[in-house]
Amino acid sequence: MGFPQGSTLTTNMAGLVDGSSARAEVSFIDSLPVYVKELIAGGAAGAFAKTTIAPLERIKILLQTRTDGFQSLGVYQSLRKVLKHEGVLGLYKGNGASVIRIIPYAALHFMTYEQYRGWMLDNYSFLGSGPVVDLLAGSASGGTAVLCTYPLDLARAKLAYQVGDTRSKFGSGMKSLYPRPAYSGVTDVLTRIYRDGGVRGLYRGVGPTLAGILPYAGLKFYIYEEIKTRVPEEHRKSIVMNLSCGALAGLLGQTFTYPLDVVRRQMQVGTLQCSTIQGDTRYRNTYEGLTSIVRNQGWRQLFAGLSINYIKIVPSVAVGFAAYDMMKVWLRIPPRQKLQAESSG
């Protein structure tokens, strides 16, 4: 009766020695559909990149939305003020919502980019296989990802906009420094927004978001892929080279679309801002937001927080692209040329 168990144990031991377990792992990874691998690679890359720059993202939102006490501060002074009142954890306020959002967002963004790109190459050959396809596929994938995950981005902005004092009294919890509602977490934000404004409330500010993400996502992928084509073949898998290409792509893409991001943030937190903010921030559309900000807050407000965005966009996009390419290698996603040949065959 003991022989079958002993035989199984011996077989398992032999499997560890001769590498059968490793082959089983290889078989499992290789059995996954390509689009599932792209979802995993994109989600992991997005989460890693977003957490890397979370403190800078928090400060950027405070500067963009003209939060009381932060209007005249720079990046360094703002970081010190948040640390003083909220501690280190204050630098990551809203990051939970950000990571919850960025995993599906980045997963959809990268996966749909690959899918849209392949679909265009198969059905619209007159576009060629160069920059036009990357631009269109990047824009379409950015719009798809935004529409699917926007309520989580709204929740992240509202959580990051709150400024509380958690260090004034030990164990007293968060004491709000300013007269605005305090949210306890992502679920609380989404529940209260839906109760007050329904589905439309959950998508407040989505107009300027789409207007900004379509050109930004397209330019980001276009610039990244275009730069990579000019890199010698033997250096294309270099982490440093991927970081450099990604940083330049994010930097140039963000420059042209930043004012739309400012309008989006002010629309997202409009119901939280107190009357000391000059001008009504409850804009009906993107154009009204742009003109109202210029008229009431000055044209410089359209670029509020841009310096910190430059600081954060370089590591964010760079880490995102580099991590995505590394995950593609680890998950053994076939090169695009091979996938294209298989689909056309």
Side-chain angles (χ1 to χ4, degrees), residues 43-106 149-193 205 261-262 264-266 268-274 304-320 323:
F48 188 64
K50 184 60 68 174
T51 302
T52 301
I53 51 88
L56 296 174
E57 181 70 20
R58 172 85 199 280
I59 299 303
K60 187 195 77 169
I61 291 176
L62 292 175
L63 293 176
Q64 282 183 327
T65 54
R66 297 168 63 87
T67 303
D68 297 338
F70 288 85
Q71 297 99 320
S72 60
L73 298 182
V75 175
Y76 178 69
Q77 289 83 1
S78 297
L79 285 169
R80 288 190 59 184
K81 185 166 185 174
V82 171
L83 281 171
K84 177 182 178 181
H85 292 289
E86 300 179 297
V88 175
L89 292 180
L91 296 175
Y92 290 87
K93 181 180 287 184
N95 189 54
S98 184
V99 170
I100 291 172
R101 164 192 164 268
I102 203 63
I103 290 177
Y105 174 86
T149 62
Y150 185 79
L152 292 171
D153 183 52
L154 179 64
R156 185 273 302 261
K158 288 183 178 292
L159 287 171
Y161 180 67
Q162 293 179 149
V163 180
D165 191 347
T166 59
R167 309 187 76 181
S168 58
K169 292 183 180 179
F170 181 78
S172 61
M174 187 180 83
K175 183 176 71 176
S176 179
L177 294 178
Y178 309 111
R180 57 174 69 98
Y183 297 108
S184 60
V186 178
T187 303
D188 183 39
V189 176
L190 295 177
T191 301
R192 290 166 64 176
I193 292 174
D261 192 45
V262 174
R264 170 172 66 116
R265 292 303 183 197
Q266 291 204 9
Q268 287 179 333
V269 303
T271 57
L272 300 180
Q273 292 181 320
C274 58
L306 181 58
S307 60
I308 193 172
N309 218 45
Y310 280 143
I311 296 172
K312 85 176 186 65
I313 207 65
V314 171
S316 176
V317 179
V319 169

Would you name the heavy atoms of [X] and [Y] that are closest together and state the gap between them?
X	Y	result
Leu79	Pro55	CD2-O, 4.4 Å
Ala49	Gly320	CB-N, 3.8 Å
Thr51	Tyr92	O-CE2, 4.0 Å
Thr187	Thr191	O-OG1, 2.7 Å
Arg58	Leu91	CB-O, 3.7 Å

From [X] atom [atom1] to [Y] atom [atom2], the distance as rounded to the nearest 0.5 Å:
X	Y	atom1	atom2	answer
Lys84	Lys81	NZ	NZ	8.5 Å
Ile53	Ser316	CD1	OG	4.5 Å
Asp188	Ile193	CG	CD1	9.5 Å

Exercise for the section: Using the test side chain to side chain contact (heavy atoms under 4.5 Å, CB included), find all partners of Ile103 that sit at least two apart in sequence or belong to another chain. Expected result: Ala47, Val99

Handout entry: Non-neighbouring partners of Leu190 that pass side chain to side chain contact (heavy atoms under 4.5 Å, CB included), sequence neighbours left out
Key = Pro151, Leu152, Ala155, Val186, Leu202

